[in-house]
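These notes concern the structure reproduced below.
As the structure is a prediction and not an experimental result, all values here were calculated from the model. Just so you know, these numbers use all the heavy atoms, side chains as well, and skip hydrogens, waters and symmetry mates. Proteins come first, then strands; the chains are lettered A, B, ... in the order of their sequence lines, and each starts at number 1.
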Amino acid sequence: MGPKRLVIIDGYALLYRAFFATRYLSTSDGRPTNALFGFTAMLFQLLEKVEPHAMVVALDAPGKTFRHDDYAEYKGTRKPTADELKVQLNDARDLIAALGIPAIEVKGFEADDVVGTISRMGEENGYETTIVTGDLDSLQLVDEMVSVMAPKTGVTETVIYTPADVVARYGFGPEFIADFKALKGDTSDNIPGVPGIGDKGAAELITAFGTIESMIEKFEELPAKYQKKIAGNQDQMRKSKWLATIVRDVPLEYDFAVYKLTEDQLTAAVSMLEKLEFRGLVKKAPSVLGRYLGEGRTTEPAVEVIEEALAPTEGSCADYESLLSALSAGPYSVFFAAPPIRDDLFQEEIRLAYVGQGKNVFEVPELAARELLQARPADAILHDAKPTYRFQPAGAPAPGFDTQIAAFVLRSERSNYALRDLVQGYLEVSAPTTPFQLANGLFLLKETLTDRLERESQATVFEGIELPLVPILADMERLGIAADRGQFREFSGQLQTEIAVVQARVHKAAGREFTIGSPKQLGEVLFDEMKLPGAQKTKTGYATGVEVLADLAAEYPIVADVLSWRELTKLKSTYADALERLVRPDGRIHTTYHQTGAATGRLSSNDPNLQNIPIRTELGRSIRKAFHAAEGFRLASLDYSQIELRVLAHLCEEPALVRAFNDREDVHTVTARAMFHENDVTKEQRRMAKMLNYAVLYGVSEFGLAQQLGAGFSVSEARALITQYNERFPSVKEFTNSIIAEARSKGFTTTLRGRRRHFPDIHAARINDRKAAERQAMNAPIQGTAADMLKLAMIHCTEVLRGSSTRMLLNVHDELVFEVPIGGEDIIPKLQRTMEHALELNVPTEVDAKIGHDWNEMTPLTS
DNA sequence: TACCTCACG
DNA sequence: ACGTACGTGAGGTAT
């Protein structure tokens, strides 16, 4: 059990090592076999000890590699391979094939690069990977999910390197191995390095300065003796690093097929070992290879695991008291057979729950399980705890574990977090079917997920941000926000009247009745029948979005009417009518937050979505007006000003941006001044600068920017603006480039608080998919850091509000809405300060506060 | 169910 | 040659 395991063997590196490490051996007819023996012995050891689910051998392709293209002397010092080894290399291919292990080689790349690529793919697919090699260059690939196994003295004695082992041996982590070689050089690969710098000097420099790039940047700070050595050798050093860096995006296909053997393969492999006269290995073969017969490692447990791992003893308890006496101290899981229904906010019904502890699972009345949760929350393991918490009194402490949240933190791009699937996937068992098995699986998942969170450095995000947020969100959902049904109803009526008028005008102008809401019909009316200019085709017909229609509205009244019809019907159906229905008997609207909905770490809100209540148009704000404070209270809205740009400034450290925020200047104006080299910039210039700033956040494309800038802007003008921006703010471009490079090599990006987002598509075959992944990657740390900040702010604000009658109602990404008792407004500056310091940046964060009776009419609060 | 359109940050 | 900014949720029509 535990995670799936992958073994990647660097074939020739291991054979090479085995050749020198194993005493000379030969068959009775004189064929040398020592390298093969060492190789096979190690393989057997692996199969026994690691029990991999998937296995692959990487080989060097014959011919030159891309490294030779740039550096002809690469590996120029290598002596030709000894003949005794050469013959064994050929036999090795046959042996590997006989054992049914896939072998991959890619022309132009070395086996190391193949290893790097597959280990990265394995990581993306959730494999715990062991790289088996005789060559320590691979240490640069080590991380939480990837370890390197290398022969120690002989072949059967091995040493395993985890990140901590690399640090222990070298004094720095795996990420600096390439820098180490860049300084020290490597005679076997003919990598020059920096003359005069060896092990000690290289280690010293890396510990003090990190990468060679930062050494070059901080050249003046280097000790004088190293300055001299490096001075004339910078290019050589850079080149050496390039040579030493393993490529992790080699174009190759590998399907992680489960390693398995047929009876025939086993027979063939054994007869091959017999021919090689490896009598000891032949004897061991049935027990070592036998377990991979048939369906291989992963399916072997399929039947058994349900019987063993997920085979709870099924008990039952009639009430809380008997449940308590049946349980021992420590963690317990609770699985609710029927999750609470959202609509039944205040309703309690007799349902069943399943409480699991180790092998024991008890069927109990839901009420008993709830009592247990309230008595011992810290031990509780739940899946999607929030709906359960909605029924509990406010202010409850967080549960001990939430498997849905943990799975989200690990892989936020998932769309399905069903308990069944997590149990199946993470515990590698066939799908649980009974509630007893689910409670049992839930209990077991905690171990596995905790381990994974730890390995992937996500424990802090889980424990420090996501888990504490669960009860806070439950409290906000339970409380809801007051809203005026009558106002929605009345507004809906007004809209209906207006819609009828506009609709009639549209039909009259068109000369016939048609469904305005049908883009297909609308397109035909406007572009076929009325022959309006500017028709754009989409896959299914004409494009009729605002971008297209807005240009025509001034000249064609029918188009203006269509746009107005759209606004009116949108407001009526999506907002006025829908919200009216959702005002609960307590006079409030209760949204549901999705903590696992957005891959960046943001929250999402649904049923209804209170994060997209209109604000941009006067008419739309009538909707917002219906959200109001309870009797005796006022609403306070506290929002971060330009939070994502501040995060960007922090992350890329662009001096011009940092200075603008430090000086509390308008950042778009500052941007415009810099771009256009003028002190007084026009409104239009500021508008363009603003768009550029946002373009950066989203991953700019020339075409996209031109579209956004509006009519009259060509792609080449947009390109020119981007060039100007990049010239003026070079650190921004460097930052986005480095993020993409990181996403490529590691497979994920990281926010300021360590939250990761994975990008499987960053190596997609289709360029468009790849480009899209790159844009997502450069946006993720920015949006994600802002999300971290908001979530931390919510946690800290909850502490500030403990014991107060002010309460937090809503999260709208960069805004928090509170309900403050009249007379208790002095809490607002405290909340403001709390938000401003939730996550410190190297630029100030500003939070603006507004207060009012409803969500529309709010007056700024200066403090 | 897919697609379009549009509301928000 | 192709499609076009990041992240969402929701309602409508047409299939």
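Proximity note for A/Pro519 (side chain, C-beta onward) versus B/dT5, C/dT15, C/dG11: the nearest is B/dT5. When each of C/dA5, B/dT5, C/dA10 is scored by its nearest atom to the side-chain atoms of A/Asp607, the top-ranked nucleotide is C/dA10. Considering only the side chain of A/His813, B/dG9 comes nearest among C/dT15, B/dG9, C/dT13. Comparing B/dC6, C/dG7, B/dG9 by their nearest atom to the side chain of A/Asn779 picks out C/dG7. Side-chain proximity of A/Glu567 to C/dC6, B/dA7, B/dC8: nearest is B/dA7. Candidate nucleotides C/dG3, C/dA10, B/dG9 were compared by shortest atom distance to the side chain of A/Asn768, and C/dG3 ranks first. Side-chain proximity of A/Val700 to C/dT15, C/dA5, C/dT8: nearest is C/dA5. Which of C/dA5, B/dT5, C/dC2 sits closest to the side chain of A/Thr544 comes down to B/dT5.
A/Ser518 comes within contact range of the sugar-phosphate backbone alone, with a heavy-atom separation under 4.0 Å but no base atom that close. Contacts of A/Thr569 with the nucleic acid, taken as non-hydrogen atoms under 4.0 Å apart, are absent. Note on A/Ile767: nothing from the nucleic acid sits closer than 4.0 angstrom, heavy atoms only. Counting any heavy atom pair closer than 4.0 Å across all strands shown, A/Ala695 reaches a base atom. The residue A/Ile613 sits close only to the backbone: its heavy atoms come under 4.0 Å of sugar-phosphate atoms, none of a base. Residue A/Gln521 is in sugar-phosphate contact alone, with no base atom involved, counting any heavy-atom pair closer than 4.0 Å across all strands shown. Residue contacts for A/Arg616: at a heavy-atom cut-off of 4.0 Å it reaches a base atom on one of the strands shown. Among the atoms of the strands shown, only primed sugar atoms or phosphate atoms (P, OP1, OP2) are found under 4.0 Å from some heavy atom of A/Gly597. If you check every strand for non-hydrogen atoms under 4.0 Å, A/Arg757 touches sugar and phosphate atoms only. In this structure, A/Asn609 reaches the sugar-phosphate backbone alone: every heavy-atom distance under 4.0 Å involves primed, P, OP1 or OP2 atoms, never a base. Using a 4.0 Å heavy-atom cutoff across all strands shown, A/Ala786 reaches no nucleic acid atom at all.
Classification of A/Arg411 and A/Glu456 as a salt-bridged pair holds, one side-chain N sitting under 4.0 Å from a carboxylate O. A salt bridge does not link A/Lys570 with A/Glu567: every distance from a Lys NZ or Arg NE/NH1/NH2 to an Asp or Glu carboxylate oxygen is 4.0 Å or more.
Put simply, A/Arg566 has no side-chain N or O that comes within less than 4.0 Å of OP1 or OP2 on B/dC4. Remark: A/Ser573 is not in phosphate contact with C/dA10, judged by side-chain N or O atoms under 4.0 Å from OP1 or OP2. For A/Thr574, no side-chain nitrogen or oxygen approaches OP1 or OP2 of B/dA7 to under 4.0 Å. Applying the 4.0 Å criterion to OP1 and OP2 of C/dC6, one finds that A/Arg775 has a side-chain N or O inside that range. The side chain of A/Ser604 places an N or O atom within less than 4.0 Å of a non-bridging phosphate oxygen (OP1 or OP2) of C/dG9.
Atoms CD1 (A/Ile623) and P (C/dA10) sit 15 Å apart, rounded to a whole Å. Atom CG in A/Leu810 sits roughly 16 Å away from atom P in B/dC8 (whole-Å rounding). Distance NZ (A/Lys690) to P (C/dC6): 19 Å, rounded to an integer number of Å. At whole-Å resolution of the value, CG in A/Asp639 and P in B/dC8 are 15 Å apart. Separating the CD atom of A/Glu547 from the C1' atom of C/dG3 is a distance of 15 Å, rounded to the nearest angstrom.
The shortest distance between side-chain heavy atoms of A/Leu809 and A/Leu635 falls below 4.5 Å. Residues A/His590 and A/Arg390 form a side-chain contact, since some pair of their non-hydrogen atoms from C-beta on lies under 4.5 Å apart. Using a 4.5 Å heavy-atom cutoff, the side chains of A/Thr749 and A/Arg756 are not in contact. Side-chain contact between A/Asn609 and A/Asn612: present, with at least one pair of heavy atoms (C-beta onward) separated by less than 4.5 Å.
Smallest separation of non-hydrogen atoms from A/Pro614 and A/Leu571: CG-CD2, 3.8 Å.
You won't find any donor-acceptor pair under 3.5 Å spanning the side chain of A/Gln776 and the base of C/dC6, going by distance alone.
With a cut-off of 3.5 Å on both pairing distances, the Watson-Crick or G-U wobble partner of B/dT5 is C/dA10. The partner of C/dC2 is absent, by the rule that a Watson-Crick or G-U pair needs both atom distances under 3.5 Å.
Position along DNA chain C of the nearest nucleotide to A/Ala598 versus A/Val696 favours A/Val696 as the more 5'-ward residue.
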